[in-house]
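Basis for what follows: all heavy atoms, side chains included, without hydrogens, waters or symmetry-related copies.
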Amino acid sequence: MNEQTGEPQKVPEPFEAQPPARPPSVPVFNLPPALFFSLCLLVVIYAVQALVLSDDAVNWLLLTFGFVPARYVIPLSQQGFELFWTPATYSLLHGSVQHIVFNAFWLMAFGAPVVRRIGTSRFVWFWLFSATASAALHAVLNWGDVSLLIGASGVISGLMGAACRFAFPAERRPMLAAHLNARLSIVEALLNRTVVIFMLLWLVGNALIAVGIPLVGDSDQEIAWDAHIGGFVFGFFLFSLFDRPPQPPEEPTEAEKDVLQS
(Lines give C-alpha, C1' and ligand atoms only; values in the text may rest on other atoms or scores of the structure.)
Protein backbone atom coordinates (compact mmCIF):
# COMPACT_ATOMS: atom_id res chain seq x y z
CA MET A 1 0.00 0.00 0.00
CA ASN A 2 1.37 3.30 -1.00
CA GLU A 3 1.27 5.94 1.74
CA GLN A 4 1.70 9.66 1.20
CA THR A 5 3.24 11.73 3.92
CA GLY A 6 2.55 15.41 4.49
CA GLU A 7 2.17 18.07 7.13
CA PRO A 8 -0.77 17.67 9.44
CA GLN A 9 -3.68 19.96 8.63
CA LYS A 10 -3.54 23.16 10.66
CA VAL A 11 -6.49 24.28 12.64
CA PRO A 12 -7.45 27.84 11.55
CA GLU A 13 -6.87 30.41 14.23
CA PRO A 14 -9.92 32.22 15.51
CA PHE A 15 -10.57 35.64 13.91
CA GLU A 16 -9.40 38.48 16.03
CA ALA A 17 -11.53 41.58 15.75
CA GLN A 18 -9.56 44.73 15.07
CA PRO A 19 -10.12 47.55 17.52
CA PRO A 20 -12.22 50.37 16.07
CA ALA A 21 -10.34 53.31 14.66
CA ARG A 22 -9.84 56.08 17.14
CA PRO A 23 -11.22 59.44 16.08
CA PRO A 24 -8.71 62.30 15.96
CA SER A 25 -8.27 63.96 19.31
CA VAL A 26 -9.65 67.47 19.67
CA PRO A 27 -7.63 69.85 21.85
CA VAL A 28 -9.38 71.56 24.73
CA PHE A 29 -8.38 75.01 23.46
CA ASN A 30 -8.65 74.79 19.70
CA LEU A 31 -7.47 78.33 18.96
CA PRO A 32 -6.24 79.60 15.59
CA PRO A 33 -2.45 80.16 15.65
CA ALA A 34 -2.82 83.92 15.10
CA LEU A 35 -5.12 84.25 18.09
CA PHE A 36 -2.91 82.03 20.26
CA PHE A 37 0.10 84.18 19.37
CA SER A 38 -1.86 87.34 20.19
CA LEU A 39 -2.77 86.00 23.62
CA CYS A 40 0.83 84.97 24.26
CA LEU A 41 2.03 88.43 23.23
CA LEU A 42 -0.38 90.14 25.63
CA VAL A 43 0.65 87.83 28.48
CA VAL A 44 4.38 88.25 27.84
CA ILE A 45 4.11 92.04 27.71
CA TYR A 46 2.19 92.15 30.96
CA ALA A 47 4.53 89.64 32.64
CA VAL A 48 7.54 91.78 31.75
CA GLN A 49 5.68 94.89 32.90
CA ALA A 50 4.67 93.36 36.24
CA LEU A 51 7.65 91.15 37.08
CA VAL A 52 10.72 92.61 35.39
CA LEU A 53 10.44 96.37 34.94
CA SER A 54 10.92 98.89 37.72
CA ASP A 55 8.22 101.42 38.56
CA ASP A 56 9.97 104.10 36.52
CA ALA A 57 10.29 101.72 33.55
CA VAL A 58 6.60 100.80 33.80
CA ASN A 59 5.66 104.48 33.78
CA TRP A 60 7.83 104.99 30.70
CA LEU A 61 6.22 101.98 28.99
CA LEU A 62 2.69 103.18 29.66
CA LEU A 63 3.39 106.77 28.63
CA THR A 64 5.30 105.72 25.50
CA PHE A 65 2.82 103.14 24.22
CA GLY A 66 -0.43 104.09 25.96
CA PHE A 67 -2.98 106.38 24.32
CA VAL A 68 -3.39 109.93 25.68
CA PRO A 69 -5.93 112.26 23.99
CA ALA A 70 -3.97 115.35 25.07
CA ARG A 71 -1.25 114.48 22.58
CA TYR A 72 -3.47 115.70 19.75
CA VAL A 73 -3.83 119.23 21.09
CA ILE A 74 -0.10 119.72 21.74
CA PRO A 75 2.07 120.88 18.81
CA LEU A 76 4.28 118.13 17.44
CA SER A 77 7.35 120.28 18.04
CA GLN A 78 6.68 120.11 21.78
CA GLN A 79 6.39 116.34 22.04
CA GLY A 80 7.68 113.10 20.59
CA PHE A 81 6.20 110.88 17.90
CA GLU A 82 4.13 108.75 20.26
CA LEU A 83 0.89 110.11 18.82
CA PHE A 84 1.54 108.11 15.63
CA TRP A 85 1.81 104.61 17.11
CA THR A 86 -0.08 104.81 20.40
CA PRO A 87 -3.55 104.54 18.72
CA ALA A 88 -2.61 100.89 18.13
CA THR A 89 -0.02 99.97 20.76
CA TYR A 90 -2.23 100.88 23.73
CA SER A 91 -4.28 97.76 22.94
CA LEU A 92 -1.30 95.56 23.89
CA LEU A 93 -1.01 96.92 27.44
CA HIS A 94 -3.01 96.03 30.54
CA GLY A 95 -3.17 97.36 34.05
CA SER A 96 -3.75 94.26 36.17
CA VAL A 97 -4.01 90.49 36.12
CA GLN A 98 -7.78 90.74 36.34
CA HIS A 99 -7.81 93.13 33.39
CA ILE A 100 -5.82 90.84 31.09
CA VAL A 101 -7.60 87.65 32.18
CA PHE A 102 -11.02 89.17 31.55
CA ASN A 103 -9.96 90.44 28.12
CA ALA A 104 -8.31 87.12 27.26
CA PHE A 105 -11.55 85.17 27.78
CA TRP A 106 -13.55 87.55 25.59
CA LEU A 107 -10.79 87.58 22.99
CA MET A 108 -10.89 83.78 22.76
CA ALA A 109 -14.68 83.73 22.53
CA PHE A 110 -15.09 86.26 19.73
CA GLY A 111 -11.64 86.30 18.18
CA ALA A 112 -11.59 82.62 17.24
CA PRO A 113 -14.50 82.66 14.73
CA VAL A 114 -13.32 85.95 13.21
CA VAL A 115 -9.75 84.72 12.74
CA ARG A 116 -10.93 81.44 11.21
CA ARG A 117 -13.04 83.40 8.77
CA ILE A 118 -10.72 86.21 7.65
CA GLY A 119 -7.27 84.66 8.15
CA THR A 120 -4.13 85.88 9.89
CA SER A 121 -3.11 88.90 7.81
CA ARG A 122 -6.62 90.36 7.72
CA PHE A 123 -6.92 89.76 11.47
CA VAL A 124 -3.77 91.82 12.08
CA TRP A 125 -5.14 94.68 10.00
CA PHE A 126 -8.52 94.38 11.73
CA TRP A 127 -6.80 94.59 15.12
CA LEU A 128 -4.88 97.74 14.11
CA PHE A 129 -7.87 99.55 12.61
CA SER A 130 -10.36 98.58 15.31
CA ALA A 131 -7.91 99.73 18.00
CA THR A 132 -7.49 103.02 16.14
CA ALA A 133 -11.24 103.48 15.76
CA SER A 134 -11.71 102.87 19.49
CA ALA A 135 -9.00 105.37 20.36
CA ALA A 136 -10.40 107.92 17.91
CA LEU A 137 -13.87 107.99 19.48
CA HIS A 138 -12.30 108.10 22.94
CA ALA A 139 -10.16 111.09 21.86
CA VAL A 140 -13.14 112.93 20.36
CA LEU A 141 -15.23 112.53 23.51
CA ASN A 142 -12.28 113.32 25.80
CA TRP A 143 -10.53 115.94 23.68
CA GLY A 144 -7.39 117.26 25.36
CA ASP A 145 -7.73 114.95 28.36
CA VAL A 146 -4.52 113.70 29.97
CA SER A 147 -5.97 110.32 30.99
CA LEU A 148 -4.19 107.16 29.84
CA LEU A 149 -6.03 104.53 27.79
CA ILE A 150 -4.73 100.95 27.74
CA GLY A 151 -6.23 97.51 27.08
CA ALA A 152 -7.59 95.37 24.26
CA SER A 153 -11.25 95.95 25.11
CA GLY A 154 -11.79 98.19 22.09
CA VAL A 155 -10.45 95.50 19.76
CA ILE A 156 -12.59 92.87 21.47
CA SER A 157 -15.64 95.08 20.99
CA GLY A 158 -14.70 95.32 17.32
CA LEU A 159 -14.60 91.52 17.12
CA MET A 160 -18.02 91.38 18.75
CA GLY A 161 -19.40 93.78 16.17
CA ALA A 162 -17.84 91.73 13.37
CA ALA A 163 -19.31 88.50 14.79
CA CYS A 164 -22.78 90.04 14.59
CA ARG A 165 -22.42 90.02 10.81
CA PHE A 166 -22.02 86.24 10.45
CA ALA A 167 -22.11 84.32 13.74
CA PHE A 168 -25.89 84.58 14.24
CA PRO A 169 -27.50 83.46 10.95
CA ALA A 170 -31.22 83.79 10.44
CA GLU A 171 -31.44 80.11 9.46
CA ARG A 172 -28.96 78.02 11.40
CA ARG A 173 -27.66 75.02 9.52
CA PRO A 174 -26.93 72.01 11.74
CA MET A 175 -23.27 71.13 12.40
CA LEU A 176 -22.02 74.20 10.53
CA ALA A 177 -19.21 76.13 12.17
CA ALA A 178 -19.97 79.78 12.84
CA HIS A 179 -17.21 81.11 10.58
CA LEU A 180 -18.73 79.29 7.58
CA ASN A 181 -22.03 81.17 7.72
CA ALA A 182 -22.92 83.64 5.01
CA ARG A 183 -22.31 87.28 5.90
CA LEU A 184 -25.42 89.25 6.78
CA SER A 185 -25.88 92.69 5.32
CA ILE A 186 -26.20 95.55 7.79
CA VAL A 187 -29.97 95.60 7.31
CA GLU A 188 -30.24 91.81 7.65
CA ALA A 189 -28.22 91.91 10.85
CA LEU A 190 -30.38 94.67 12.31
CA LEU A 191 -33.48 92.63 11.51
CA ASN A 192 -32.01 89.47 13.06
CA ARG A 193 -33.61 88.90 16.45
CA THR A 194 -30.56 87.21 17.96
CA VAL A 195 -28.25 90.00 16.80
CA VAL A 196 -30.57 92.69 18.14
CA ILE A 197 -30.81 91.00 21.55
CA PHE A 198 -27.04 90.59 21.70
CA MET A 199 -26.50 94.25 20.77
CA LEU A 200 -29.03 95.47 23.33
CA LEU A 201 -27.38 93.45 26.10
CA TRP A 202 -23.99 94.78 25.03
CA LEU A 203 -25.28 98.37 25.04
CA VAL A 204 -26.89 97.94 28.46
CA GLY A 205 -23.62 96.62 29.84
CA ASN A 206 -21.70 99.62 28.52
CA ALA A 207 -24.40 102.00 29.76
CA LEU A 208 -23.93 100.60 33.25
CA ILE A 209 -20.18 101.09 32.90
CA ALA A 210 -20.75 104.69 31.76
CA VAL A 211 -22.67 105.51 34.94
CA GLY A 212 -20.07 103.84 37.14
CA ILE A 213 -21.51 100.35 37.59
CA PRO A 214 -18.93 97.92 36.15
CA LEU A 215 -20.14 94.39 35.47
CA VAL A 216 -16.87 92.87 36.69
CA GLY A 217 -13.53 94.12 37.82
CA ASP A 218 -12.26 96.85 40.09
CA SER A 219 -14.90 99.54 40.56
CA ASP A 220 -12.16 102.05 41.46
CA GLN A 221 -10.62 101.77 37.99
CA GLU A 222 -12.34 103.88 35.35
CA ILE A 223 -13.37 101.96 32.22
CA ALA A 224 -13.35 103.61 28.80
CA TRP A 225 -16.85 102.66 27.67
CA ASP A 226 -16.59 105.09 24.76
CA ALA A 227 -13.64 103.15 23.33
CA HIS A 228 -15.78 100.01 23.46
CA ILE A 229 -18.46 101.71 21.38
CA GLY A 230 -15.91 102.95 18.86
CA GLY A 231 -14.59 99.42 18.34
CA PHE A 232 -18.03 97.84 18.12
CA VAL A 233 -19.31 100.36 15.56
CA PHE A 234 -16.19 99.85 13.47
CA GLY A 235 -16.46 96.06 13.54
CA PHE A 236 -20.17 95.98 12.80
CA PHE A 237 -20.29 98.48 9.93
CA LEU A 238 -16.89 97.89 8.29
CA PHE A 239 -16.42 94.14 8.71
CA SER A 240 -17.15 93.58 5.02
CA LEU A 241 -13.88 95.35 4.17
CA PHE A 242 -11.96 92.54 5.88
CA ASP A 243 -14.26 89.61 5.14
CA ARG A 244 -13.59 86.93 2.58
CA PRO A 245 -15.83 84.18 1.20
CA PRO A 246 -16.09 81.40 3.81
CA GLN A 247 -13.99 78.36 3.02
CA PRO A 248 -16.14 75.22 2.53
CA PRO A 249 -15.35 72.32 4.87
CA GLU A 250 -13.02 69.66 3.49
CA GLU A 251 -14.56 66.41 2.33
CA PRO A 252 -13.80 63.57 4.77
CA THR A 253 -11.50 60.81 3.63
CA GLU A 254 -12.74 57.23 3.19
CA ALA A 255 -11.21 56.24 6.52
CA GLU A 256 -12.92 59.14 8.29
CA LYS A 257 -16.27 58.22 6.74
CA ASP A 258 -16.06 54.77 8.39
CA VAL A 259 -15.52 56.18 11.87
CA LEU A 260 -18.64 56.18 14.00
CA GLN A 261 -18.91 58.82 16.67
CA SER A 262 -21.42 59.04 19.47
Side-chain angles (χ1 to χ4, degrees), residues 23-39 42 91 102-134 152-206 215 228-253 256-257 259-262:
S25 59
V26 178
V28 177
F29 295 103
N30 187 19
L31 296 177
L35 184 59
F36 179 76
F37 174 79
S38 300
L39 290 169
L42 297 180
S91 63
F102 181 74
N103 279 351
F105 276 112
W106 286 109
L107 185 59
M108 287 188 290
F110 289 92
V114 175
V115 175
R116 291 191 179 101
R117 184 179 182 92
I118 67 178
T120 299
S121 61
R122 296 176 188 233
F123 172 68
V124 173
W125 285 111
F126 185 91
W127 184 296
L128 295 176
F129 281 105
S130 59
T132 302
S134 301
S153 299
V155 175
I156 295 170
S157 296
L159 294 170
M160 291 179 175
C164 288
R165 297 290 300 278
F166 69 90
F168 309 108
E171 297 181 359
R172 182 173 297 276
R173 295 170 55 187
M175 303 302 293
L176 184 66
H179 67 280
L180 298 177
N181 293 324
R183 184 179 74 243
L184 300 176
S185 67
I186 294 176
V187 174
E188 289 173 336
L190 293 176
L191 294 177
N192 185 304
R193 180 180 179 182
T194 305
V195 172
V196 171
I197 292 175
F198 176 82
M199 294 175 66
L200 288 176
L201 292 175
W202 185 88
L203 288 172
V204 168
N206 279 274
L215 301 180
H228 297 178
I229 294 178
F232 190 93
V233 170
F234 172 85
F236 181 80
F237 285 99
L238 298 180
F239 173 67
S240 58
L241 299 179
F242 302 87
D243 195 17
R244 62 180 182 181
Q247 302 296 320
E250 297 181 359
E251 289 292 332
T253 62
E256 292 173 339
K257 290 180 179 179
V259 175
L260 300 179
Q261 299 184 4
S262 61

If we ignore hydrogens and angles and just use 3.5 Å, is the side chain of [X] paired with the main-chain N or O of [Y] as donor and acceptor?
| X | Y | value |
| --- | --- | --- |
| Arg165 | Phe236 | yes |
| Ser157 | Phe232 | no |
| Arg122 | Asp243 | yes |

Over 12 foreign heavy atoms within 6.0 Å of CH2, Trp202: yes

Neighbour count >12 (heavy atoms, 6.0 Å) for atom CZ, Phe198: yes

Between [atom1] on residue [X] and [atom2] on residue [Y], distance to nearest 0.5 Å:
| X | Y | atom1 | atom2 | answer |
| --- | --- | --- | --- | --- |
| Asn181 | Phe168 | CG | CZ | 10.5 Å |
| Leu238 | Ser130 | CG | OG | 10.5 Å |
| Arg116 | Asn30 | CZ | CG | 5.0 Å |
| Trp127 | Phe242 | CH2 | CZ | 14.0 Å |
| Leu107 | Leu31 | CG | CG | 9.0 Å |
| Leu35 | Thr120 | CG | OG1 | 10.0 Å |

Minimum heavy-atom distance between Phe123 and Val115, given as atom pair plus value: CD1-CG2, 3.4 Å

Listed partners of Ser153 passing side-chain hydrogen bond (donor to acceptor under 3.5 Å, both in side chains), at least two apart: Asn103

Flag side-chain contact, heavy atom, 4.5 Å: Cys164 against Phe239: no

Aromatic ring pairing Phe102/Trp106, orientation class (parallel under 30°, perpendicular over 60°, tilted between): perpendicular

